[in-house]
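In what follows, a single structure is set out as structure tokens and then discussed.
These numbers come from a predicted model, not from an experiment. In what follows, chains are A, B, ... by sequence order, proteins preceding strands, each numbered from 1.
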Amino acid sequence: MDKIRVRFAPSPTGYLHIGGARTALFNWLFARHHGGVFILRIEDTDRSRSTEEAIHAIIEAMRWLNLNWDEGPFRQMDRLGRYNEEAERLLASGGAYKCYCTPEELEERRKAALEKKETWKYDRRCLTLTEQERLACELEGKKPVIRFYCPDEGETVIGDHVKGNVVFENANLDDFIMVRADGIPTYNFAVVVDDHDMQITHIIRGDDHLSNTPRQILLYQALGYEVPEFAHLPMILGPDKTRLSKRHGATAVEAYRDEGYLSKALINYLALLGWGYGDQTIFALDELIKKFSLGDVGKSPAVFDPAKLEWMNGVYIRELSVDELALLLKPFLKNAGLTLEMYDEDWYKRLAEITQERLTKLSDIVGLSDFFFHRVEYQPEAVEKVLKKEGVPDILRRVLETLSDSFDFYSDEIEKRLRALVEQMGLKPKLVFQPVRVAVTGRTVSPPLFETIELLGRDTALERLGEAINIINMAN
RNA sequence: GCCCCCAUCGUCUAGAGGCCUAGGACACAGCCCUUUCAAGGCUGCGGCGGGGAUUCGAAUUCCCCUGGGGGCACCA
């Protein structure tokens, strides 16, 4: 087989969507698996909806996901000449014809047909225009569109790699518009010329394109092109089983990045949406490349499950080294305004270490560690439930004394001394540690206590212990 | 309305006629570990949409129904 060439061809009308990312990923995996070429092409022929920002956003997202492309990004708007050439060629051979019907006229006729419960198909009014009538239209200043002359007999078969053979009656297709009145090609035409020119061997895309495929195949044949292979991926759905969209929550890849998802986790999760390899759920990237095949792509649509993505993200966060995690965490802290001069690199690494298995998203670090960066805010509930218990002031005083002793302020040593105190007081560990936790963090839930005390530093820890004692006294 | 696609736990899926008493993962519940929360371990809950047909035997093959999705633009 010739060298495999695939492409991802988004239209730049918004951010890179989860579904688009999945399509890009499958193309990329297929290319990498076969040592082929992955091409990025921007389908920007919809001039009213395409924007430069969207192009940048898509490219950014692709980079973040590490879906590197070998050729491109190509832009369809740069290739207008080619479409023109091919359209002229088809016009000359009778495979296409000019149509002077205006959108308004068409809309009217479409409506009328629908009212009579007839299926609308372009009525070929302009197919039989005489040269004189044509000239008259031109003189009126009408700009024609170019329509494909669609055969009304026979059938077109797609040999799809995931759907199998799909048969369409040509009679159900109509003479669709290839080139708009302004000379810009429509999707169905541009995509065919591009895929041919770029020697695409496999077209892997969402199955929302399945019903467009026969039109495109007919176009390939009319233009004398070799028809490529097709693989139509099942849609990604929201919880209500409709096509995944903003209504269902975040769908932009960059939103996940900003929430603190790791690209590797997103990739792994996306790979499982429509593809599977036995019972396995966690795949390293090279494993994905090695194991990916179109044959293992499922036919049925998949519901996007944010909960599973979250879980998987946690798995990937736990796989990070402490150094890597510390580096990734910093921007999230900074963004939340949580910074403090006194904390050095090592401090952040320790923070990463003690929060690692508690993070499901990088952004979780904010809620988990904010008390390190500003005054304690005692949660009323925590004060009520823990600090106001019998004997707590005494316990906190004893802890304060213990931590005031001169010793190296490390978690191991802190733990040793506090456990000794617990022993000495003859209390259950929990009875001592929970009040201490609330005293130094303001709440009942926190990272591991002794490490937290260490990271707070002796001064702050003692200060907060004292503050807690005051609060209790004042309440009484 | 017309055309096309799809159908196993709530979700992602394994399953290509007997290995299925339908397996795994997420979620959920319980227990263990434990200074909290996590993480981890164990256990549990939970499914082949319905009807025919083929077969000694069907989640697996075929047909119909139902349900869901997609397309039918001078959008892609």
Sugar-phosphate, base or nothing in reach of A/R41, heavy atoms under 4.0 Å: nothing
Between P of B/A38 and CG of A/L359, the distance in whole Å: 13 Å
N/O (side chain, A/R358) to phosphate O (OP1/OP2, B/U36) under 4.0 Å: no
Touch class at under 4.0 angstrom, heavy-atom based, for A/S446 against every strand present: base
A/E107 bridged to A/K111 by N-O distance under 4.0 Å: no
Sequence neighbours excluded - salt bridge (Lys or Arg N to Asp or Glu O under 4.0 Å) pairs with any residue from residues 162-179 of chain A: A/R124-A/D175, A/K163-A/D207
Nearest-angstrom distance, P atom, B/G23 to B/C62: 25 Å
Closest listed nucleotide, where the reference is the side chain of A/S11 and the choices are B/C2, B/U36, B/A76: B/A76
Selection residues 422-433 of chain A - residue pairs positive for salt bridge (Lys or Arg N to Asp or Glu O under 4.0 Å), sequence neighbours left out: none
Sugar-phosphate, base or nothing in reach of A/P234, heavy atoms under 4.0 Å: nothing
Base partner of B/C48, which must satisfy Watson-Crick or wobble distances under 3.5 Å: none
Distance, P atom - from B/C12 to B/C19, rounded to whole angstrom: 26 Å
Of the listed nucleotides B/U35, B/C72, B/C74, the one nearest the side chain of A/R215: B/C72
Interatomic distance, A/K299 NZ vs B/G70 P [rounded to whole Å]: 19 Å
Sugar-phosphate, base or nothing in reach of A/D174, heavy atoms under 4.0 Å: nothing
Annotated protein contacts, base or backbone, on nucleotides 20-29 of chain B with a non-hydrogen cut-off under 4.0 Å, one of B, S, - each: ---BSBS---
Any A/R243 side-chain N or O less than 4.0 Å from OP1/OP2 of B/G71: yes
Same-atom distance (P) from B/C48 to B/U8, integer angstrom: 11 Å
Integer-rounded Å distance: B/U36 C1' and A/L368 CG: 12 Å
Rounded distance (Å) that lies between atom C1' of B/A76 and atom CE of A/M178: 17 Å
Sugar-phosphate, base or nothing in reach of A/V191, heavy atoms under 4.0 Å: nothing
Side-chain atoms of residues 72-85 of chain A: list all donor-acceptor pairs with protein atoms under 3.5 Å, sequence neighbours left out, distances to 0.1 Å.
unit_1, atom_1, unit_2, atom_2, d
A/R75, NH1, A/E52, OE2, 3.1
A/R75, NH2, A/E52, OE1, 3.0
A/R75, NH2, A/E52, OE2, 3.3
A/Q76, NE2, A/E43, OE2, 3.3
A/Q76, NE2, A/D194, OD2, 2.7
A/R79, NE, A/D194, OD1, 2.5
A/R79, NH2, A/D194, OD1, 2.9
A/R79, NH2, A/D197, OD2, 2.8
A/R82, NE, A/D197, OD2, 2.7
A/R82, NH1, A/E85, OE1, 2.9
A/R82, NH1, A/E86, OE1, 3.4
A/R82, NH2, A/D197, OD1, 3.0
A/R82, NH2, A/D197, OD2, 3.4
A/Y83, OH, A/D194, OD1, 2.8
A/Y83, OH, A/D194, OD2, 2.9

P-based separation of B/A25 from B/C45 [nearest Å]: 15 Å
Pairwise P distance for B/U43 and B/G52, with rounding to whole Å: 39 Å
Distance between C1' atoms of B/G10 and B/C28 (Å, rounded): 9 Å
Sugar-phosphate only, base, or nothing, as touched by A/S48 at under 4.0 Å among non-hydrogen atoms: nothing
B/A22 to B/G30 separation - P atoms, rounded to the nearest Å: 27 Å
Touch class at under 4.0 angstrom, heavy-atom based, for A/R110 against every strand present: sugar-phosphate
Sugar-phosphate, base or nothing in reach of A/G298, heavy atoms under 4.0 Å: nothing
Nearest atoms (heavy-atom pairs only) where A/A87 meets A/V179: CB-CG2, 3.9 Å
A/S300 side chain near B/C5 phosphate (N/O to OP1/OP2, under 4.0 Å): no
Between B/C74 (P) and A/R125 (CZ): distance, integer Å: 15 Å
A/I282 CD1 to B/C12 P, straight-line distance once rounded to whole Å: 17 Å
Shortest non-hydrogen separation from A/S446 to A/T452 and the atoms involved: OG-OG1, 4.4 Å
Distance, C1' atom - from B/G24 to B/G18, rounded to whole angstrom: 22 Å
Touch class at under 4.0 angstrom, heavy-atom based, for A/H232 against every strand present: nothing
Sugar-phosphate only, base, or nothing, as touched by A/P301 at under 4.0 Å among non-hydrogen atoms: sugar-phosphate
Atom-to-atom span, CD1 of A/I365 to C1' of B/A38 - whole angstrom: 13 Å
Candidates A/Y269, A/F26, A/F283 - the one meeting ring pair (Phe, Tyr, Trp, His ring centres under 6.0 Å) with A/W275: A/F283
Nucleotide B/C4, atom C1' - distance to CG of A/N170 in whole Å: 14 Å
Assigned partner base of B/A7, Watson-Crick or wobble definition, under 3.5 Å: B/U66
Shortest side-chain distance from A/K163, nucleotide among B/C5, B/U36, B/A76: B/C5
Side chains of residues 6-20 of chain A: which donor-acceptor partners sit under 3.5 Å, not counting sequence neighbours?
unit_1, atom_1, unit_2, atom_2, d
A/R7, NE, A/D195, OD1, 3.0
A/R7, NH2, A/D195, OD2, 2.8
A/H17, ND1, A/G19, N, 2.8
A/H17, NE2, A/L244, O, 3.3

Touch class at under 4.0 angstrom, heavy-atom based, for A/T13 against every strand present: nothing
Centroid-centroid under 6.0 Å between A/F450 and A/F433 rings: yes
Sugar-phosphate only, base, or nothing, as touched by A/L272 at under 4.0 Å among non-hydrogen atoms: sugar-phosphate
Sugar-phosphate, base or nothing in reach of A/V166, heavy atoms under 4.0 Å: sugar-phosphate
Sugar-phosphate, base or nothing in reach of A/Y269, heavy atoms under 4.0 Å: nothing
Matching residue for A/Y100 among A/E105, A/R125, A/K143, A/E138 - test: side-chain hydrogen bond (donor to acceptor under 3.5 Å, both in side chains): A/E138
Salt bridge (Lys or Arg N to Asp or Glu O under 4.0 Å) contacts in which one or both residues fall within residues 432-447 of chain A, not counting sequence neighbours: A/D370-A/R443
